[in-house]
Visitor: 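Got a structure for you, written out below as structure tokens; questions coming shortly.
Model, not experiment: these values are computed from the prediction.
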Amino acid sequence: MATHEVHIVTGGAGFIGSHLVEAIISRGHYVIAADNLSRGKAAYLETSLAEGRCSFIEVDCADADAFLDEVSIALAGRSAAAIWHLAANSDIPAGVADPSIDLRDTFMTTFSSLLVMKALAVPDFHFASSSAIYGDFGDTQIREDSAPYKPISNYGAMKLASEAQICAAIEAFGHKASIFRFPNVVGAPATHGVIFDFINKLRDDPTRLSVLGDGTQQKSYMHVNDLIQAMLFIADHSPEKVGIYNVGNSDDGVTVRFIAECVRDRVAPEAVIDYGIGNRGWIGDVPRFKYATDRLSALGWKPSRDSRAAICEAVRDIAASM
């Protein structure tokens with residue numbers, strides 16, 4: 001990235017978005033953070049706003065006209081170097097219950113962001129995709145070209161549709177895109193997720209922790225600080241017009257049982273853990289997956305924490321912040 005650029009971050013007041021805003025600012029750039037505050041909090045941007053290198057607009061990014069109007073005002077005649085699109089529905093069960101949620105918040109936010117990209121002649125687009133686009137590959141290691149893609153949640157389906165729309169848009173009017181297929185991401189300040197849910201449950205009842213599923217669900221987890229560094233590295237170094245990368249740890253991940261015990265030990269050591277039946281926490285949940293991260297490693301980047309270290313650090317930090 002060149003210095004003194006303007007970057008637009010959708011979902012900028014969210015958990016991952018607020019970390020990304022800080023990281024982009026630390027490189028000497030200016031950020032316009034857009035968020036509808038359904039999950040995010042403007043307070044997460046307090047430090048960035050105070051530094052004077054960030055502005056915040058509260059807007060529904062699925063509304064292309066409103067989004068374009070607000071961004072145009074914030075740009076004040078300047079051009080933008082890139083859009084980092086993180087805005088999406090993060091409540092997968094809610095999207096299963098009502099598919100229109102992911103259509104609007106996960107796909108239409110992407111479609112609208114691409115319209116804004118075209119209208120403002122923004123050259124680069126960076127997209128927070130997900131491992132959910134693959135579906136359930138069981139214990140088979142998932143690579144970027146693993147096929148066929150068979151997402152089992154509306155969230156995953158709309159992320160996959162978003163990837164396709166981005167490819168078409170870049171061919172039509174863009175310069176370059178990066179697609180980051182996220183693993184499960186942990187860290188503070190958490191707005192949702194398994195650690196957040198477990199801590200809330202134990203704060204409500206310190207004697208018992210109820211867990212969806214039998215605890216054998218096993219996935220890779222990445223700390224948010226490593227994730228942000230991976231995103232920036234890919235944006236800087238990917239040679240492809242549309243670079244698609246699995247972002248995650250190459251380990252086998254950790255089980256829900258491990259996470260439950262870590263939270264229990266930190267928050268309420270005397271609590272009894274009650275596990276459910278079966279290895280799916282909810283409809284649309286992929287109980288196990290293993291990521292192949294060879295493409296990202298070949299590009300020259302590796303995380304500084306494995307899944308176990310990421311979980312332990314996140315439990316400590318989230319518990320302290322809640």
Visitor: What pairs of residues pass the ring pair (Phe, Tyr, Trp, His ring centres under 6.0 Å) test when at least one of them lies in residues 32-75, not counting sequence neighbours?
Guide: none

Visitor: Between the side chain of Asp251 and the main-chain N/O of Ser307, is any donor-acceptor distance below 3.5 Å?
Guide: yes

Visitor: Quick one: do Val21 and Val122 end up in the same hydrophobic cluster if we chain Ile, Leu, Val, Met, Phe, Trp and Tyr together by side-chain heavy atoms under 4.5 Å apart?
Guide: no

Visitor: Is the closest side-chain heavy-atom distance between Met231 and Val247 below 4.5 Å?
Guide: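 No, every pair of side-chain atoms sits at 4.5 Å or beyond.
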
Visitor: What are the two closest non-hydrogen atoms of Ala235 and His126, and how far apart are they?
Guide: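 Taking every non-hydrogen atom into account, CB-CE1, 3.6 Å.
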
Visitor: Can you tell me how far apart CG (Leu160) and CD1 (Ile133) are? Round to the nearest 0.5 Å.
Guide: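 It comes to 5.5 Å.
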
Visitor: Run the side chain to side chain donor-acceptor pair (under 3.5 Å) test against Asp205 and tell me which residues pass, sequence neighbours left out.
Guide: Thr207

Visitor: Between Ser112 and Cys61, is a side-chain contact (heavy atoms from CB on, under 4.5 Å) present by the stated rule, with each step listed?
Guide: CA-CA 7 Å; Ser112 296; Cys61 294; 5.8 Å; no

Visitor: Looking only at atom types and distance, does a side-chain atom of Thr109 sit under 3.5 Å from a main-chain N or O of Ala87, one as donor and one as acceptor?
Guide: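 Yes, Thr109 side chain to Ala87 backbone: donor-acceptor pair under 3.5 Å.
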
Visitor: Check side chain to side chain contact (heavy atoms under 4.5 Å, CB included) between Asp145 and all other residues, then give those that pass, not counting sequence neighbours.
Guide: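 Scan of Asp145 (side chain to side chain contact (heavy atoms under 4.5 Å, CB included), adjacent residues dropped) gives Arg143.
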
Visitor: Looking at Glu163 and Arg181, is there a salt bridge between them, counting it only when a charged N and a carboxylate O are closer than 4.0 Å?
Guide: yes

Visitor: With the 4.5 Å side-chain cut-off for hydrophobic clustering, are Met222 and Phe15 part of the same group?
Guide: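 Same hydrophobic cluster.
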
Visitor: Do Val59 and Leu75 belong to the same hydrophobic cluster, where Ile, Leu, Val, Met, Phe, Trp and Tyr are linked whenever their side-chain heavy atoms lie under 4.5 Å apart, directly or via other members?
Guide: yes

Visitor: Evaluate Leu114 against Phe125 for side-chain contact (heavy atoms from CB on, under 4.5 Å), listing each step before the verdict.
Guide: CA-CA 8 Å; Leu114 290 167; Phe125 195 89; 3.7 Å; yes

Visitor: Using the side chain to side chain donor-acceptor pair (under 3.5 Å) criterion, which residues pair with Ser38? Sequence neighbours excluded.
Guide: Asn36

Visitor: The criterion is side chain to side chain contact (heavy atoms under 4.5 Å, CB included); which residues satisfy it with Ser90, sequence neighbours excluded?
Guide: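 Per chain and number, Ser90 pairs via side chain to side chain contact (heavy atoms under 4.5 Å, CB included) with Arg39, His192.
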
Visitor: Group every Ile, Leu, Val, Met, Phe, Trp and Tyr by side-chain heavy-atom contacts under 4.5 Å, then state whether Tyr30 and Leu232 land in the same group.
Guide: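 No; Leu232 is not reachable from Tyr30 via cluster members.
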
Visitor: Can you tell me how far the NE2 atom of His85 sits from the CD1 atom of Ile179, to the nearest 0.5 Å?
Guide: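 The distance works out to 11.0 Å.
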
Visitor: Determine whether His223 and Glu313 make a side-chain contact, defined as any pair of heavy atoms from C-beta on separated by less than 4.5 Å.
Guide: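 Side-chain contact under 4.5 Å: yes.
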
Visitor: Residues two or more places apart in sequence or in another chain: which of them pass salt bridge (Lys or Arg N to Asp or Glu O under 4.0 Å) with Asp226?
Guide: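 Testing Asp226 for salt bridge (Lys or Arg N to Asp or Glu O under 4.0 Å), a comparison that skips the adjacent residues, returns Arg305.
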
Visitor: For Asp102 and Asn89: C-alpha separation, side-chain torsions, deciding distance, then whether side-chain hydrogen bond (donor to acceptor under 3.5 Å, both in side chains) applies.
Guide: CA-CA 6 Å; Asp102 276 306; Asn89 167 49; 3.1 Å; yes

Visitor: In chain order, what residues pass the side chain to side chain donor-acceptor pair (under 3.5 Å) check against Asp98, with sequence neighbours excluded?
Guide: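 Per chain and number, Asp98 pairs via side chain to side chain donor-acceptor pair (under 3.5 Å) with Ser100.
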
Visitor: Taking side chain as C-beta onward, heavy atoms only, is Lys159 less than 4.5 Å from Pro151?
Guide: no

Visitor: Above 12 or not: heavy atoms from other molecules or residues under 6.0 Å from CZ of Arg308?
Guide: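 Counting other residues, nucleotides and ligands, CZ of Arg308 stays at 12 neighbours or fewer.
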
Visitor: On a heavy-atom basis, which atom in Ile83 and which in Val116 lie closest, and how many Å separate them?
Guide: CD1-CG1, 4.3 Å

Visitor: Of all residues at least two apart in sequence or in a different chain, which pass the side chain to side chain donor-acceptor pair (under 3.5 Å) check with Asp204?
Guide: none

Visitor: Any side-chain heavy atom of Val71 sitting closer than 4.5 Å to one from Ile57?
Guide: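 SC-SC contact between Val71 and Ile57 confirmed.
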
Visitor: Using 0.5 Å steps for rounding, measure from the CH2 atom of Trp301 to the CD1 atom of Ile234.
Guide: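 Rounded to the nearest 0.5 Å, the CH2-CD1 separation comes out at 8.0 Å.
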
Visitor: Spell out, as yes or no, whether a donor-acceptor pair under 3.5 Å connects the side chain of Thr293 to the backbone of Leu296.
Guide: no

Visitor: Counting only N and O atoms by type, is there a donor-acceptor contact under 3.5 Å from the side chain of Gln218 to the main-chain atoms of Asp252?
Guide: yes

Visitor: Could you give me the CA-CA distance, side-chain angles and deciding distance for Asp236 and Arg27, then say whether side-chain contact (heavy atoms from CB on, under 4.5 Å) is met?
Guide: CA-CA 12 Å; Asp236 286 345; Arg27 292 181 156 205; 2.9 Å; yes

Visitor: Determine, step by step, whether Leu20 and Leu227 satisfy the side-chain contact (heavy atoms from CB on, under 4.5 Å) criterion, reporting the C-alpha distance in whole Å, the side-chain angles of both residues, the deciding distance to 0.1 Å, and the verdict.
Guide: CA-CA 9 Å; Leu20 178 61; Leu227 177 78; over 6 Å; no

Visitor: Determine the minimum heavy-atom distance between Ile8 and Ala80, stating which atoms define it.
Guide: CD1-CB, 3.8 Å

Visitor: With sequence neighbours left out, which residue pairs that include part of residues 134-182 fulfil the ring pair (Phe, Tyr, Trp, His ring centres under 6.0 Å) condition?
Guide: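 Only Tyr134-Tyr149 qualify under ring pair (Phe, Tyr, Trp, His ring centres under 6.0 Å).
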
Visitor: Do side-chain atoms of Asp136 reach the backbone of Ile152 as a donor and acceptor pair under 3.5 angstrom?
Guide: no

Visitor: Using side-chain heavy atoms (C-beta onward) and a distance below 4.5 Å, is Thr216 in contact with Thr255?
Guide: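 Thr216 vs Thr255: side chains apart.
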
Visitor: Answer yes or no: is there a side-chain heavy-atom contact under 4.5 Å between Pro239 and Lys176?
Guide: no

Visitor: Provide the closest heavy-atom pair for Ser210 versus Lys201 in the form atom of the first, atom of the second, distance.
Guide: O-NZ, 2.8 Å

Visitor: Using atom types as modelled and distance alone, determine if a side-chain donor or acceptor of Glu22 lies under 3.5 Å from a backbone N or O of Ser48.
Guide: no

Visitor: Can a donor-acceptor pair be found, under 3.5 Å and without considering hydrogens, that links the side chain of His29 to the backbone of Arg53?
Guide: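 No, the answer is negative, given that no donor and acceptor are paired below the 3.5 Å cut-off.
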
Visitor: Heavy atoms only: give me the nearest His7-Ala81 pair and the separation to one decimal.
Guide: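 What the structure gives for the nearest pair is NE2-CB, 4.1 Å.
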
Visitor: If you group Ile, Leu, Val, Met, Phe, Trp and Tyr whenever their side-chain heavy atoms sit less than 4.5 Å apart, what else falls in with Phe198?
Guide: Val186, Val194, Ile195, Phe196, Ile199, Leu202, Leu209, Val211, Tyr221, Val254, Val256, Phe258, Ile259, Val263, Val267, Ile273, Tyr275, Ile311, Val315, Ile318, Met322

Visitor: If you round to the nearest 0.5 Å, how far is NE2 of His19 from CG of Leu86?
Guide: 12.0 Å

Visitor: Ignoring hydrogens and angles, tell me if any N or O in the side chain of Glu51 forms a donor-acceptor pair with the backbone of Ser26 under 3.5 Å.
Guide: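 Checked: no pair found.
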
Visitor: Quick one: list whatever passes side chain to side chain contact (heavy atoms under 4.5 Å, CB included) with Glu171, sequence neighbours left out.
Guide: Lys241

Visitor: Share the residues that join Leu103 in a hydrophobic cluster, the rule being Ile, Leu, Val, Met, Phe, Trp or Tyr side chains under 4.5 Å apart at the heavy-atom level.
Guide: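 Via sub-4.5 Å side-chain contacts, Leu103 links to Phe107, Met108, Phe111, Leu115, Met158.
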
Visitor: Considering non-hydrogen atoms only, spot the tightest contact between Ala74 and Ile32 and give its length.
Guide: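 Shortest heavy-atom contact: CB-CD1, 3.7 Å.
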
Visitor: Would you say Glu46 has more than 12 foreign heavy atoms packed within less than 6.0 Å of its CD?
Guide: no

Visitor: Kindly compute the distance separating CG (Leu212) from CD1 (Ile277), expressed to the nearest 0.5 Å.
Guide: 12.0 Å

Visitor: Does a side-chain heavy-atom distance below 4.5 Å link Leu299 with Phe233?
Guide: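 A side-chain contact exists here, since the closest heavy-atom pair is under 4.5 Å.
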
Visitor: Less than 4.5 Å apart, side chain to side chain, heavy atoms only: is that true for Ile25 and Cys54?
Guide: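 A side-chain contact exists here, since the closest heavy-atom pair is under 4.5 Å.
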
Visitor: Tell me whether Lys41 at atom NZ has more than 12 heavy atoms from other residues, nucleotides or ligands lying less than 6.0 Å away.
Guide: no

